[in-house]
Protein chains: 2
Amino acid sequence: MTHTGRKPDEGERYRAILETAARLICERGYEGTSMQEIAAACRMTKAGLYHHIQNKEQLLFAIMNYGMDLFEEQVLSKVQDIADPVERLRACMRHNILLVTRGWSKEVIIILHEHATLTGEARAFIDARKKKYVDFLQEAFAQAAAQGRIRPVDPTIGAFSFLGMVLWIYKWFKPDGRLTDEQIADGMVDLLFPQVAAAGAEGQPGTSPLRVVRPTGTTGPDSSGTGTETP
Amino acid sequence: MTHTGRKPDEGERYRAILETAARLICERGYEGTSMQEIAAACRMTKAGLYHHIQNKEQLLFAIMNYGMDLFEEQVLSKVQDIADPVERLRACMRHNILLVTRGWSKEVIIILHEHATLTGEARAFIDARKKKYVDFLQEAFAQAAAQGRIRPVDPTIGAFSFLGMVLWIYKWFKPDGRLTDEQIADGMVDLLFPQVAAAGAEGQPGTSPLRVVRPTGTTGPDSSGTGTETP
DNA sequence: ATGGTATTACCTACCGGTCGGTAGGCTGCT
DNA sequence: AGCAGCCTACCGACCGGTAGGTAATACCAT
């Protein structure tokens, strides 16, 4: 007998397959990963793998839905009840950046990279789940702008600027670079949603477009060796 | 045998092949596009195509170098001599956004999407060309911050925020959406590099992090139907 | 407790087709 | 004559996917 004997709690095994497949697809791309390789990584034959899944595209669809679940659990659900729109956006950006930089969910990276791989209904379904996030951001931007808390900006442009800054990170971030993910999160949050000084103590009015609490902080002076990738 | 560099006398046909291949690879991805399809789109057989190129990876490398040439010609060369760092960044963002939104150069989109497809020396070569752009942006951010023209921000974080906003656009922009590319460019430039009022006439200090020239402009009030894609 | 029957979870072996790439031949221009 | 440019024909490897079998387990009436 093979070394089975254990009872894998139904969905447990399936999720393990999704995570293994996600790891490979994240590394080599969807088209660049064969079912053979995925099966081998799951310590199975290809036919054995096909016992659990329908076909390759459905596998990708399942991975992406799993990734959206993880995102909603680790980002959206943690910030959507924050009353203040700016604080909501700040916390959201922070959580989202850390979701991307910490490599715990390859599924999320696949959602980001393979944005045009799925077609038809599966594509539409994932896009609809994404759109809920965009709507959430747009509303927060609209509220923040209506309260005069941020510069007046088209909520769509605000939302997609937010997303660009945050999600592009997957293309260049390396965990052993000069900047930690925490520093990146802090820096980007303060760049897009600056904290206003509590008291208006002015040094000189100058031409600086806005006053800031944070002095200069951890910002090193132009050390060109970044340790990060190119975008 | 053939040498790596193409001879200039018959560059026309070669560039047409690059552009045709780029169109297909941009649509279906590098791994998802076969040499068969590329050859057919060039109205050739596969063997005929291989008369002009060495192999598939070299073809991608040539496309990416061509894309970097186009980028440097249409963006970098037009802004790198602007003395004022903020104006340099504003103009650069604008040109770069329009390079992405107008679909004239599929090669550039391929550079963005296939950021991890090349390996070895070819990958390092393209990455080095990209890095020159990152360095250019970092220096501009450092200068602008040193002059107090923008919020003090780590130049690396500034540069990659800039790039994220600009380059992520390829994932969601549709030319027939609600926002034109010009509106997106204007909105993003004003969001990241706000124009300061010429005279410091203050109404009330308030909580608004910065004072703005632009009143509310073309910003429509939260029309949720965006016409754009999901990110 | 027992035997019978489904069901699950895999396997080997194979399918038609396509992959990137090449050998060698045939044109037509110089 | 020589060569660029392009062709037909083909290579071995691999693609996504399936047919059919097998061992182990789960369920269940007796």
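A quick note: this is a predicted structure, and the numbers were derived from the prediction, not measured. So you know, we letter chains A, B, ... as the sequences are listed, proteins then strands, and number each from 1.
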Taking salt bridge (charged side-chain N to carboxylate O under 4.0 Å, His left out) as the test, write out the residues that go with A:E31, two or more places apart. none
Taken to the nearest whole Å, OH/B:Y50 to C1'/C:dG21 is 5 Å
Interatomic distance, A:L60 CG vs D:dG16 P [rounded to whole Å]: 13 Å
Would you please name every residue forming a salt bridge (charged side-chain N to carboxylate O under 4.0 Å, His left out) with A:R23, sequence neighbours left out? none
I want to check one thing: is the phosphate of C:dT18, taken as OP1 and OP2, less than 4.0 Å away from some side-chain N or O of B:S34? no
Whether A:K56 engages the ring of A:Y30 as a cation-pi pair (distance to the six-membered ring centre under 6.0 angstrom, angle to the ring normal within 45°) should be assessed. yes
Residues in salt bridge (charged side-chain N to carboxylate O under 4.0 Å, His left out) with A:R88, at least two apart? none
Please tell me if A:H52 has a side-chain N or O lying less than 4.0 Å from either OP1 or OP2 of C:dC10. yes
In whole angstrom, give the distance that lies between atom CD of B:E57 and atom P of C:dG21. 9 Å
With respect to the phosphate group of C:dA9, does any side-chain polar atom (N or O) of A:H51 fall under 4.0 Å of OP1 or OP2? yes
Contacts of A:H52 meeting side-chain contact (heavy atoms from CB on, under 4.5 Å) (sequence neighbours excluded), chain-then-number -> A:R13, A:I17, A:M44
To the nearest angstrom, how far is A:Q58 atom CD from D:dG16 atom P? 16 Å
Give me the residues of residues 17-30 of chain A where at least one heavy atom lies under 4.0 Å from an atom of DNA chain D, by number, or none. none
Charged N-O contact under 4.0 Å between A:D135 and A:K131: yes
Measure from CD on A:E31 to C1' on D:dC14 and round the result to the nearest Å. 15 Å
Return yes if a side-chain donor-acceptor contact under 3.5 Å exists between B:E19 and B:Y66, otherwise no. yes
Could you give the CE-to-P distance, from B:M35 to D:dA13, as a whole number of Å? 21 Å
Modelled atom types, side-chain donor and acceptor of B:K78 and B:H95, under 3.5 Å: no
Would you please classify the geometry between the B:H113 ring and the B:Y170 ring as parallel, tilted or perpendicular, with 30° and 60° separating the classes? perpendicular
Between the protein and nucleotides 7-9 of chain D, are there any N/O to N/O pairs under 3.5 Å, and if so, what are the atom names and distances?
unit_1	atom_1	unit_2	atom_2	d
D:dC7	OP2	B:T45	N	2.8
D:dC7	OP2	B:T45	OG1	3.0

Rounded to whole Å, please give me the gap between CD in A:Q36 and C1' in C:dT12. 12 Å
